[in-house]
Amino acid sequence: MASLIVAFFVAALLYASVGFGGGSTYTALLALAEIDYRLLPLLSLACNIVVVAGSSLRFARAKVTPWRNALLLTGVAAPAALLGGLTPIDEATFLTILGASLVLTALTLLLRPRDTATGAPPRFAGAMPVLAVPLGYLAGLVGIGGGIFLAPFLHLTRWDSARAIAATASLFILVNSLFGLAGQLLKGGTGRLGAAIDFGLPLLVAVAIGGQIGSLLALKYLPQRWIRYGTAALTAWVGGRLLLNV
C-alpha cells in the first residue's frame with residue numbers, strides 16, 4: 001500500500017502540473033496492483049474530483065473560464081459519462097480500453113499547446129460538442145476525466161486561448177468524473193462504495209497533497225515542457241505494461 005500511495009502522489013503532482021486529473025493513470029496503477037477491477041473507476045474518478053476541483057475553482061476566480069462554451073461541452077458529455085458508468089464491462093475489455101487510452105494520453109501530452117488562439121477557428125471547431133460525447137462515455141466507463149483528450153483538439157482547432165482551454169478541460173474532467181462516479185455507484189451499489197472508501201482513503205489524501213504541490217511547482221518552478229514529457233513517459237510506461245499483461 002505504501003508504494004501505491006507514493007505512486008498516486010507522484011501521478012497527481014505531475015498531472016496537476018499540466019492541468020489534468022490523472023484518472024487513467026490512477027486506474028492503471030490500481031490494475032497493476034491487482035485490485036478488484038470493479039473498484040478501479042470508483043477510486044480513480046474520486047481522485048480526479050479531488051485533484052481538479054481546486055484548479056476549476058482557481059480558473060473560475062481568475063475569470064478565465066469561457067462558461068458558455070465550456071458548459072456546452074460538459075453538458076453534452078455528462079449524460080454520456082453517466083451512461084458509461086452504468087455500462088457493464090468484463091475485466092479483459094476494461095483493461096484493454098484502459099491501456100489503449102493511456103497510450104493515447106501519452107501522445108496527447110506530447111502535443112504542445114498554443115499560447116493564444118490565433119486566426120479564425122476552422123469550421124470543424126464547431127464539432128467539438130460531438131467529440132465530447134464519446135469522451136464523456138469513456139470517462140464514465142474506465143474512470144478517466146476525458147479532458148486530456150479534449151484539450152489537444154481544442155488547441156488544434158484554435159477553439160480559444162490556452163488558459164481558457166485549460167479551464168475548460170478542468171471543468172470537463174470535474175463534471176464527467178462526478179457523473180461517471182454517479183453511474184458507477186448506481187451500477188455497483190453501496191457495498192462496492194464501502195469497499196472503495198475503506199481501501200482508497202489514503203490514496204485520496206495522497207492525490208490531494210500531490211495535486212496542490214504540482215500546481216505550485218508548475219506556477220513557480222518547473223518548465224511546463226519537461227513536466228509534460230515526464231508525465232507522458234510515466235503514462236506510456238503504465239499503459240504499455242497494462243496492454244502486455246492483458
Side-chain angles (χ1 to χ4, degrees), residues 8 11-16 18-31 35 37-60 65 70-87 89 94 97-98 101-102 104-105 108 131-151 154 165-188 192-193 196-197 199-201 203-208 210-212 214-215 231 235:
F8 267 57
L13 188 153
L14 288 171
Y15 275 95
V18 291
F20 300 117
S24 53
T25 297
Y26 305 140
T27 308
L29 290 169
L30 291 166
I35 307 302
Y37 84 98
R38 294 169 297 180
L39 299 180
L40 308 192
L42 287 171
L43 292 167
S44 298
L45 291 169
C47 288
N48 252 0
I49 292 166
V50 169
V51 173
V52 299
S55 57
S56 295
L57 182 60
R58 283 194 295 272
F59 282 126
T65 305
L71 289 174
L72 173 61
L73 294 178
T74 55
V76 298
L82 179 64
L83 180 61
L86 289 167
T87 303
I89 185 171
F94 175 85
I97 294 174
L98 176 61
S101 70
L102 278 163
L104 287 173
T105 296
T108 62
L131 176 66
V133 175
L135 294 182
Y137 182 80
L138 184 63
L141 184 67
V142 297
I144 66 173
I148 201 166
F149 297 127
L150 178 69
L154 297 181
I165 288 173
T168 300
S170 182
L171 182 67
F172 190 83
I173 293 168
L174 177 61
V175 174
N176 279 341
S177 296
L178 287 167
F179 275 78
L181 183 59
Q184 291 288 338
L185 292 175
L186 289 171
K187 179 174 66 177
R192 195 176 295 174
L193 173 62
I197 292 174
F199 180 82
L201 187 57
L203 302 177
L204 289 170
V205 174
V207 299
Q212 291 301 312
S215 297
T231 309
T235 305

K.L.:
Side chain to side chain contact (heavy atoms under 4.5 Å, CB included) between Leu43 and Tyr26: does it pass, once the steps are laid out?
P.N.:
CA-CA 8 Å; Leu43 292 167; Tyr26 305 140; over 6 Å; no

K.L.:
Residues in side-chain hydrogen bond (donor to acceptor under 3.5 Å, both in side chains) with Thr168, at least two apart?
P.N.:
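Applying side-chain hydrogen bond (donor to acceptor under 3.5 Å, both in side chains) to Thr168 gives none.
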
K.L.:
Are side-chain heavy atoms of Phe199 and Leu39 found at a separation under 4.5 Å?
P.N.:
no

K.L.:
Taking side chain as C-beta onward, heavy atoms only, is Leu138 less than 4.5 Å from Val142?
P.N.:
yes

K.L.:
What are the two closest non-hydrogen atoms of Ala151 and Ala169, and how far apart are they?
P.N.:
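Minimum heavy-atom separation between Ala151 and Ala169: CB-CB, 4.2 Å.
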
K.L.:
Using only atom types and a distance under 3.5 Å, with no angle test, would you say the side chain of Ser44 pairs donor to acceptor with the backbone of Pro41?
P.N.:
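It does not hold such a pair.
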
K.L.:
Could you go step by step and tell me if Val175 and Leu71 meet the side chain to side chain contact (heavy atoms under 4.5 Å, CB included) rule?
P.N.:
CA-CA 10 Å; Val175 174; Leu71 289 174; over 6 Å; no

K.L.:
Rounded to the nearest 0.5 Å, how far apart are OG1 of Thr27 and CD1 of Ile35?
P.N.:
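Here the interatomic distance stands at 12.0 Å.
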
K.L.:
Answer yes or no: is there a side-chain heavy-atom contact under 4.5 Å between Cys47 and Leu204?
P.N.:
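Yes, side chains in contact.
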
K.L.:
Assess whether atom CZ of Phe179 is packed by more than 12 heavy atoms of other residues, nucleotides or ligands within 6.0 Å.
P.N.:
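No.
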
K.L.:
Could you tell me the separation between the CG atom of Leu40 and the CG atom of Leu45, rounded to the nearest 0.5 Å?
P.N.:
10.5 Å

K.L.:
Let me confirm one number: the CD-CG distance from Gln184 to Leu141, rounded to the nearest 0.5 Å.
P.N.:
7.5 Å

K.L.:
Please name the pair of heavy atoms, one in Ala70 and one in Leu171, separated by the smallest distance, quoted to 0.1 Å.
P.N.:
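For Ala70 and Leu171, the tightest heavy-atom pair comes out as CB-CD2, 4.0 Å.
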
K.L.:
How close do Val76 and Val133 get, counting heavy atoms only, and between which atoms?
P.N.:
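For Val76 and Val133, the tightest heavy-atom pair comes out as O-CG2, 3.9 Å.
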
K.L.:
Return the minimal non-hydrogen interatomic distance between Ser177 and Gly145, and the atom names on each side.
P.N.:
OG-CA, 4.1 Å

K.L.:
Where do Gly211 and Ala16 come nearest, in terms of heavy atoms and distance?
P.N.:
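Scanning both residues, the minimum pair turns out to be O-CB, 3.4 Å.
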
K.L.:
Yes or no on side chain to side chain contact (heavy atoms under 4.5 Å, CB included) for Val205 and Val50, after CA distance, side-chain angles and deciding distance?
P.N.:
CA-CA 9 Å; Val205 174; Val50 169; over 6 Å; no

K.L.:
Before you tell me yes or no, could you show the steps for Phe172 and Leu154 under side chain to side chain contact (heavy atoms under 4.5 Å, CB included), namely the whole-Å CA-CA distance, both residues' side-chain angles and the distance that decides it to 0.1 Å?
P.N.:
CA-CA 12 Å; Phe172 190 83; Leu154 297 181; over 6 Å; no

K.L.:
Can you tell me how far apart OG1 (Thr74) and CG (Leu178) are? Round to the nearest 0.5 Å.
P.N.:
11.0 Å

K.L.:
Please report the interatomic distance CD1(Ile49) to CD1(Ile173), rounded to the nearest 0.5 Å.
P.N.:
11.5 Å

K.L.:
Hey, can you tell me if Phe94 and Tyr37 have their rings parallel, tilted or perpendicular (30° and 60° cut-offs)?
P.N.:
tilted

K.L.:
If you round to the nearest 0.5 Å, how far is CG of Asn176 from CG of Leu181?
P.N.:
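These two atoms lie 12.0 Å from each other.
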
K.L.:
Can you tell me if Ser170 uses its side chain to pair, donor with acceptor, with the backbone of Ala167 under 3.5 Å?
P.N.:
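Absent.
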
K.L.:
Ignoring hydrogens, what is the shortest heavy-atom contact between Val51 and Ala12? Give both atom names and the distance.
P.N.:
CG2-CB, 4.2 Å

